[in-house]
Amino acid sequence: MNYGLIFAGGVGNRMNSNAIPKQFLEIHGKPIIVYTLEHFENHPEIDAICVVIVQEWLDYMKGLVQKYNLSKVKWIVPGGKSALESQYNGLVEVSKNTKSSCDVVLIHDGVRPLIDEKTISNCIKGVHDYGSAITVAPAIETIIRTESDGSTIKDTFSRTDCKLARAPQSFYVKDILSTHKQAQEDGFYSFIDSTSMMLHYGYSVHTVEGPSENIKVTTPSDFYACRALLDARENSQLYGI
């Protein structure tokens with residue numbers, strides 16, 4: 001079984017939208033999270049989807065699932081205080097329904113609506129081949145590291161040695177859930193994402209290259225970029241560009 005775990009437990013403070021969380025902002029009349037979910041809904045290898053959403057918007061999310069006929073969404077659960085806690089809540093729910101130790105989960109941001117079918121397929125294959133699959137994109141600009149005050153450059157890194165971490169981040173359900181539990185027991189649960197947590201606990205993490213436009217919609221500029229990219233995709237289908 002292959003599961004999509006779509007987490008959107010935040011409220012989007014950087015979006016400057018006080019009325020509605022960023023995952024529910026609409027592009028051409030459709031919420032961002034619905035664009036995201038439809039990629040997993042329509043993928044033939046995805047068997048079921050768990051959505052993790054901010055507590056106050058659970059009923060609203062349920063309404064969207066019905067409105068857009070997202071039949072693979074089997075569970076909608078409340079998020080936690082952080083992205084990792086939200087993922088954990090979803091993993092616990094998914095694990096109650098796993099059928100095999102080889103079941104795979106693709107953990108994906110609800111506000112990354114520009115994922116594609118090929119990347120989802122490659123993530124599933126990557127887990128079966130290597131035990132994990134972390135979506136990345138090429139670093140197209142020079143990466144620097146500064147001193148703690150941020151005003152002085154400490155190091156520069158070659159772009160050929162760097163990638164931008166994206167999503168999905170995919171694992172066997174049993175591996176990622178047990179690592180979450182271990183991190184909680186150790187009192188060390190402030191990792192930036194699943195990849196850094198898995199690396200900390202000794203797992204080898206394999207990369208899968210995804211589309212460069214697979215951005216996370218966090219700021220107003222991201223929103224407008226996403227809308228333009230969705231328009232470009234639609235035009236390419238209409239006109240064969």
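- In this structure, the separation between CD on Glu45 and SG on Cys123 is 11.0 Å, given to the nearest 0.5 Å.
- For the atom pair CG of Leu25 and CD1 of Ile32, the computed distance is 5.0 Å after rounding to the nearest 0.5 Å.
- The closest side-chain heavy-atom distance from Asp193 to Ile107 is not below 4.5 Å.
- Counting only distance, with no hydrogens or angles, the side chain of His39 and the backbone of Leu114 share no donor-acceptor pair below 3.5 Å.
- A distance-only check finds a donor-acceptor pair linking the side chain of Asn97 to the backbone of Glu93 [under 3.5 Å].
- Annotation: the span from His200 atom NE2 to Thr195 atom OG1 amounts to 14.5 Å, rounded to 0.5 Å.
- Contact annotation: the side chain of Leu106 approaches that of Ser170 to within less than 4.5 Å [non-hydrogen atoms, C-beta and beyond].
- Counting heavy-atom neighbours within 6.0 Å of Glu147 CD, excluding the residue itself, gives a total above 12.
- In the hydrophobic clustering of this structure, Ile192 does not group with Met198; members are Ile, Leu, Val, Met, Phe, Trp, Tyr whose side-chain heavy atoms approach within less than 4.5 Å, directly or through other members.
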Check against side-chain contact (heavy atoms from CB on, under 4.5 Å), Thr152 and Thr146 = CA-CA 5 Å; Thr152 306; Thr146 64; over 6 Å; no
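- Phe191 and Leu164 are assigned to two separate hydrophobic clusters, defined by single-linkage of ILVMFWY side chains at heavy-atom distances under 4.5 Å.
- Geometrically, Lys22 does not engage Phe223 in a cation-pi contact, judged by NZ or CZ lying under 6.0 Å from the ring centre and within 45° of the ring axis.
- In this structure, His108 has its ring center no closer than 6.0 Å to that of Phe7.
- In this structure, Phe24 and Tyr60 have perpendicular ring planes: the angle between them is above 60°, well past the 30° mark.
- At a cut-off of 3.5 Å, with distance as the only test, no side-chain donor of Asp175 or Tyr201 sits close to an acceptor on the other residue.
- When atom types are taken as modelled, the side chain of Ser82 and the backbone of Ser190 share no donor-acceptor pair closer than 3.5 angstrom.
- A pairwise comparison of heavy atoms in Pro113 and Val217 identifies CD-CG2, 4.1 Å as the closest pair.
- Neither side chain, His206 nor Asp129, offers a donor N or O lying under 3.5 Å from an acceptor on the other.
- Using a cut-off of 4.0 Å between Lys/Arg side-chain N and Asp/Glu carboxylate O, Glu209 and Lys163 are scored as salt-bridged.
- Minimum heavy-atom separation, Ala8 to Gly110: CB-CA, 4.3 Å.
- Grouping the Ile, Leu, Val, Met, Phe, Trp and Tyr side chains by contacts below 4.5 angstrom, directly or via other members, places Tyr224 with Val111.
- Between Arg166 and Val136, the closest side-chain pair of non-hydrogen atoms is not below 4.5 Å.
- More than 12 heavy atoms of other residues, nucleotides or ligands lie within 6.0 Å of CG in Leu199, so this atom counts as buried by the packing criterion.
- Across Thr218 and Asp222, no two heavy atoms sit closer than the pair N-OD2, 3.0 Å.
- Using the six-membered ring where Trp is involved, Tyr88 and His180 have ring planes that are tilted, between 30° and 60° apart.
- Contact annotation: the side chain of His28 approaches that of Asp231 to within less than 4.5 Å [non-hydrogen atoms, C-beta and beyond].
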Would Asn2 and His43 satisfy side chain to side chain donor-acceptor pair (under 3.5 Å), going step by step from the backbone distance to the final call?
-> CA-CA 10 Å; Asn2 301 311; His43 196 286; over 6 Å; no
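- Across every non-hydrogen atom of His128 and Cys102, the tightest pair is CE1-O, 3.8 Å.
- The closest side-chain heavy-atom distance from Ile6 to Thr36 is below 4.5 Å.
- Between Phe40 and Gly4, the shortest heavy-atom contact is CD2-CA, 4.3 Å.
- Side-chain N/O atoms of Gln182 and Asp186 include a donor and acceptor closer than 3.5 Å.
- A single hydrophobic cluster is seen to contain both Leu37 and Val104, as judged by linkage of ILVMFWY side chains at heavy-atom distances under 4.5 Å, directly or through other members.
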Evaluate the criterion side-chain contact (heavy atoms from CB on, under 4.5 Å) for residue pair Thr135 and Asn214; output intermediate values, then yes/no.
-> CA-CA 10 Å; Thr135 310; Asn214 180 24; 4.2 Å; yes
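- Pro78 places none of its side-chain heavy atoms less than 4.5 Å from the side chain of Val52.
- Taking CD1 of Ile53 as the start and CG of Leu58 as the end, the distance is 7.5 Å to the nearest 0.5 Å.
- Distance alone, capped at 3.5 Å, places no donor-acceptor pair between the Gln23 side chain and the Ile33 backbone.
- A donor-acceptor pair under 3.5 Å links the side-chain atoms of Ser86 to the main chain of Gly80, judged by distance alone.
- For the atom pair SG (Cys50) and NZ (Lys96), the distance works out to 10.0 Å, reported to the nearest 0.5 Å.
- In terms of hydrophobic clustering, with Ile, Leu, Val, Met, Phe, Trp and Tyr side chains grouped at heavy-atom distances under 4.5 Å, Ile49 and Tyr172 are assigned to a common cluster.
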What do the steps show when you test Tyr68 against Lys30 for side-chain contact (heavy atoms from CB on, under 4.5 Å), and what is the final call?
-> CA-CA 10 Å; Tyr68 291 95; Lys30 184 188 295 185; 4.0 Å; yes
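- Within the model, atoms CG of Leu91 and CG of Leu84 stand 10.0 Å from one another, a figure rounded to the nearest 0.5 Å.
- At a threshold of 4.5 Å between non-hydrogen side-chain atoms, the residues Ile176 and Ser194 count as touching.
- A side-chain donor-acceptor contact under 3.5 Å links Asp103 to the backbone of Met1.
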With side-chain contact (heavy atoms from CB on, under 4.5 Å) as the test, would you mind laying out the steps for Met197 and Tyr189 before giving the verdict?
-> CA-CA 8 Å; Met197 183 175 66; Tyr189 204 47; 4.3 Å; yes
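- Residues Leu64 and Leu70 fail the side-chain proximity criterion, which asks for heavy atoms closer than 4.5 Å.
- In this structure, the side chain of Lys72 engages the main chain of Glu41 through a donor-acceptor pair within 3.5 Å.
- In this model, no donor atom of one side chain and acceptor atom of the other lie less than 3.5 Å apart for Thr119 and Asn122.
- Looking at Thr98, its side chain never comes within 3.5 Å of a backbone N or O of Ser100 through a donor-acceptor pair.
- Heavy atoms only, all atoms of each residue included: Ala133 and Val208 are closest at CB-CG2, 3.7 Å.
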